Protein chains: 2
Amino acid sequence: MQKVTMADVAKLANVSKSTVSQYLNKRYDYMSEETKKRIARAIEELGYRPNFIARSLKQKSTATIGVIVFNILHMLTTQVLRAIEDVCQERDFHVIVCNTDDNPEKEKKYIEMLRAKQVDGLIVFPTGKNVELYERMTEEQFPLVFVDRMVPDLPVDAVLLDNYQAAKLAVDHLVDSGYERIGIVTPPIVSHVIPRIERIEGFKRAMTERGLPVVEEYIIGAEIPRIKEELNRLFSSDHPPQALFAINDLTLTEVLNFVKETNINIPDDLALISIDDVPFANIYTPRLTTIAQPTFEMGRKAAERLFMKIEQKEAGRHQVLRFSPTLIKRDSVKQQ
Amino acid sequence: MQKVTMADVAKLANVSKSTVSQYLNKRYDYMSEETKKRIARAIEELGYRPNFIARSLKQKSTATIGVIVFNILHMLTTQVLRAIEDVCQERDFHVIVCNTDDNPEKEKKYIEMLRAKQVDGLIVFPTGKNVELYERMTEEQFPLVFVDRMVPDLPVDAVLLDNYQAAKLAVDHLVDSGYERIGIVTPPIVSHVIPRIERIEGFKRAMTERGLPVVEEYIIGAEIPRIKEELNRLFSSDHPPQALFAINDLTLTEVLNFVKETNINIPDDLALISIDDVPFANIYTPRLTTIAQPTFEMGRKAAERLFMKIEQKEAGRHQVLRFSPTLIKRDSVKQQ
DNA sequence: GCTGTTTACTAAATCGATTTAGTAATGGAA
DNA sequence: TTCCATTACTAAATCGATTTAGTAAACAGC
């Protein structure tokens, strides 16, 4: 096992530990060529590898950040995470990834353990339920950035989609294409899940702006496994919607399953638009019209904000950064 | 920032650092209730949080492992990773994730930096190109497990799909369904990418076993962006295949793009089967017949093997664990 | 010849824990 | 009364680096 330490190198090279340390940190201002060579040789000979942990203890920086997400299996998360890792890679930082499954207990445990492990900063997809904990971190000026969700009234940097605009994009595209009876499909509507709230609110506003009524019946909010039956119920009523807006990939999948089982034809019988540009949008028949989130930009930005805070320990006023969604017109919404 | 150390707690509680340390490690064999209470109170009062880095230095264990993958964006990877993280979560370990993009330089840098950070073990989707480095690790008995790929002749634990069986499952299902002219679609065939080699070899063997000729022309091996043109060429020839076997999700996507553009009907004009049970397999029309890898079991197993090595520093003979694929019959292959 | 600066290094303290060896006080057995 | 065991703690060494303050030698300037 690895037992070679700096002291061993120092002994073999006939210099002090300090000198070896200087050498490794390239502080050669006053170091003879001869000494450098001897140290280099000793390192080579012993196969010495510095212990980063020891250095971290003294320097109070681990070059490691934590990223706490709901579930890496979710595509948005994976993409954001990849972008974060890319930024870290450029800076020789490493990323610890944790899945909370949207469980506040797990979130709390992870945050505390990662801080105990002295990570230099944290990017969190927050459950939104550990407000005291978030507060404590901001008070201590611990580098922290939220992604996807935010917590109202808390001075924490956050990187989010402009959900109002996303909903507006969906509604406008449908209305422009001649649809009026538009339904929305979402997971259960709970107040601390900001994107959900904003998307629904954005949907309502956009409908109103276009002079259309918001039909409560057309708002399907249910646990994912129960969405199909709700859709069944709605579509066996007298006046089912002519178009559906799925607020994320999970609900989109349910709608797709539903239309498959019921032989509803898209886009002839029903127009469909969704947030999240799923990987099969282009392959599916018909090709799916979607609203894409700039996931990589969001991840990159989150990482960059975090590094600003890590580097200057004081980034001034906090910011909530809103990213613009992009409408990708394909074939699941057709001009009526 | 966090400046409270064990010494502060000790001072406030009027005991020595050692006693506080014992307390935190629950070694109360001989500790008065009174002392325990005083320490607990001091910790509470100061808001003391142990510094895990300091502990790691002394204990030579960081409760952190590294997982080095090609790209978390790849679904197989994400799923394996999630399973690994679950196992780690149970043991209060953390996971550092790194993307190599199949680049040996990056792989080398990551392995070296993670070892410098004293991770307790490494799970690697190896590029296969850093043989010396892998060898050094095994010589030093450093806990290491490979996933997805392996390196021949190297005594490293590996968790892999039974690729021969997967190919056989595909061929047998097609042949049983009445197909004879079967093509295979793969990324470029390079010798160090074991799954690729094994799947193609398995395909050839299975064909021979069923008394069918292996037509070289039907083996499409090209970079992903060039696959479509190869398919175009093949399908404008006199005798195109009646069925296609895509060896992974990437090639499947290309085939799907190809059929979409050329209006080839699946399964009527062409049968299709692939390895990797993509998330849209069930939604696509027709529903896709696939061969699933037990990704979660594989991730779990990889983590468990790694922990065996971490815990007993000596796990005896190395093992290459082969996981069985599962044929999921859906509608992209139909009885002729 | 004396002082001051530059060069090339080193000793020792430090980071924040864990751990080992040891001590003082008490109680019980011979 | 003496000796040993048990209880309840502590001092100091340690993990493997970094960093600060300092020293000795060589050289330059007046």
Side-chain angles (χ1 to χ4, degrees), chain A residues 1-40 42-43 46-64 112-120, chain B residues 1-40 42-43 46-64 112-120:
Chain A
M1 202 57 31
Q2 163 153 330
K3 324 191 47 159
V4 187
T5 88
M6 228 172 59
D8 301 316
V9 175
K11 198 171 297 168
L12 183 61
N14 236 305
V15 294
S16 73
K17 283 195 302 170
S18 330
T19 307
V20 178
S21 178
Q22 323 273 37
Y23 173 84
L24 288 170
N25 290 292
K26 305 200 193 307
R27 293 157 162 268
Y28 318 113
D29 313 11
Y30 306 120
M31 194 177 300
S32 70
E33 283 307 317
E34 162 60 12
T35 303
K36 283 191 222 172
K37 252 176 218 151
R38 278 218 315 284
I39 295 177
I43 287 175
L46 297 170
Y48 167 73
R49 310 270 149 185
N51 181 328
F52 207 89
I53 285 290
R55 149 192 273 250
S56 294
L57 178 58
K58 185 81 218 236
Q59 294 197 152
K60 286 151 175 330
S61 146
T62 51
T64 304
E112 281 170 351
M113 289 185 63
L114 290 187
R115 290 207 59 192
K117 280 195 180 173
Q118 311 298 115
V119 294
D120 294 338
Chain B
M1 203 55 36
Q2 161 156 334
K3 323 189 49 163
V4 187
T5 87
M6 228 172 59
D8 301 315
V9 175
K11 200 171 296 168
L12 183 62
N14 236 303
V15 294
S16 72
K17 284 196 300 171
S18 331
T19 307
V20 178
S21 176
Q22 323 273 36
Y23 173 82
L24 288 169
N25 290 292
K26 305 198 194 307
R27 295 158 161 267
Y28 316 115
D29 312 10
Y30 307 118
M31 194 177 298
S32 69
E33 283 307 315
E34 163 61 12
T35 303
K36 283 190 218 172
K37 253 175 218 153
R38 280 216 316 283
I39 295 177
I43 288 175
L46 297 171
Y48 167 74
R49 308 270 150 183
N51 180 327
F52 207 90
I53 285 291
R55 149 193 274 249
S56 294
L57 179 57
K58 185 79 216 239
Q59 294 197 153
K60 289 151 175 326
S61 147
T62 52
T64 304
E112 279 171 352
M113 289 185 63
L114 290 188
R115 291 206 58 189
K117 282 196 178 172
Q118 313 295 119
V119 295
D120 293 338

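Letters go in sequence order (proteins before strands), and every chain restarts at 1. These figures come from a predicted structure and were not determined experimentally.
- Look at CG on B:N25: it is 12 Å from P on C:dT20, rounded to the nearest Å.
- One can place NZ of B:K36 at 13 Å from P of D:dT7, the figure rounded to the nearest angstrom.
- For the pair A:A7 and B:R38, both in contact range of DNA chain D, the more 5′-proximal nearest nucleotide belongs to B:R38.
- Residues B:L24 and B:Y48 are in side-chain contact: their nearest non-hydrogen atoms beyond the backbone lie under 4.5 Å apart.
- DNA chain D is contacted by both A:V20 and B:N14; B:N14 maps to the nucleotide lying nearer its 5′ end (nearest heavy atom per residue).
- Taking atom NZ on A:K58 and atom C1' on D:dG16, their separation rounds to 12 Å, with Å as the unit.
- No donor-acceptor contact under 3.5 Å links the side chain of A:T19 to the base of C:dA8.
- Checking C:dA17, D:dG16, C:dT19 against the side-chain heavy atoms of B:R27 singles out C:dT19 as nearest.
- Nucleic acid contact class of A:S21 (heavy atoms, under 4.0 Å, all strands): base.
- Atom CD in B:E34 sits roughly 12 Å away from atom P in D:dA8 (whole-Å rounding).
- The phosphate of C:dA17 (OP1 or OP2) has a side-chain N or O of B:Y48 nearer than 4.0 angstrom.
- One finds no side-chain N or O of A:S18 lying less than 4.0 angstrom from the OP1 or OP2 phosphate oxygen of C:dT10.
- A side-chain donor-acceptor contact under 3.5 Å links B:S16 and B:T19.
- A donor-acceptor pair under 3.5 Å links the side-chain atoms of A:K117 to the main chain of B:T62, judged by distance alone.
- Picking from C:dA17, C:dG16, D:dA17 the nucleotide with the shortest atom distance to the side chain of B:M6 gives C:dA17.
- In terms of phosphate contacts, B:K60 brings a side-chain nitrogen or oxygen within less than 4.0 Å of OP1 or OP2 of D:dG16.
- Close to D:dA25, at under 4.0 Å from its OP1 or OP2, lies no side-chain N or O of A:Y30.
- The side chain of A:A54 has D:dA17 as its nearest neighbour among C:dT10, D:dA17, C:dA17.
- The backbone N or O of B:A13 sits less than 3.5 Å from a side-chain atom of B:R38, completing a donor-acceptor pair.
- Not one side-chain nitrogen or oxygen of B:N51 sits closer than 4.0 Å to the OP1 or OP2 atom of C:dC15.
- Considering only side-chain N and O atoms, A:Q59 lies under 4.0 angstrom from the phosphate OP1 or OP2 of D:dT19.
- Ionic pairing of A:E33 and A:K36 is present here: one or more N-O contacts between side-chain nitrogen and carboxylate oxygen are shorter than 4.0 angstrom.
- Going from atom NZ of B:K3 over to atom C1' of C:dG16 covers 14 Å, rounded to whole Å.
- Distance, B:L57 CG to C:dT19 P: 12 Å, rounded to whole Å.
- Contact annotation: A:S32 side-chain N/O to C:dC9 OP1/OP2 distance is under 4.0 Å.
- To the nearest angstrom, P of D:dC15 lies 11 Å from CG of A:D8.
- Contact annotation: B:S16 reaches the phosphate of D:dT10 (side-chain N/O to OP1 or OP2, under 4.0 Å).
- At whole-Å resolution of the value, NZ in A:K17 and C1' in C:dA8 are 19 Å apart.
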Stepwise salt bridge (Lys or Arg N to Asp or Glu O under 4.0 Å) check, A:R115 with A:E112: CA-CA 5 Å; A:R115 290 207 59 192; A:E112 281 170 351; over 6 Å; no
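- Counting distance only, with no hydrogens placed and no angle test, the side-chain atoms of B:T35 and the base atoms of D:dA8 include no donor-acceptor pair under 3.5 Å.
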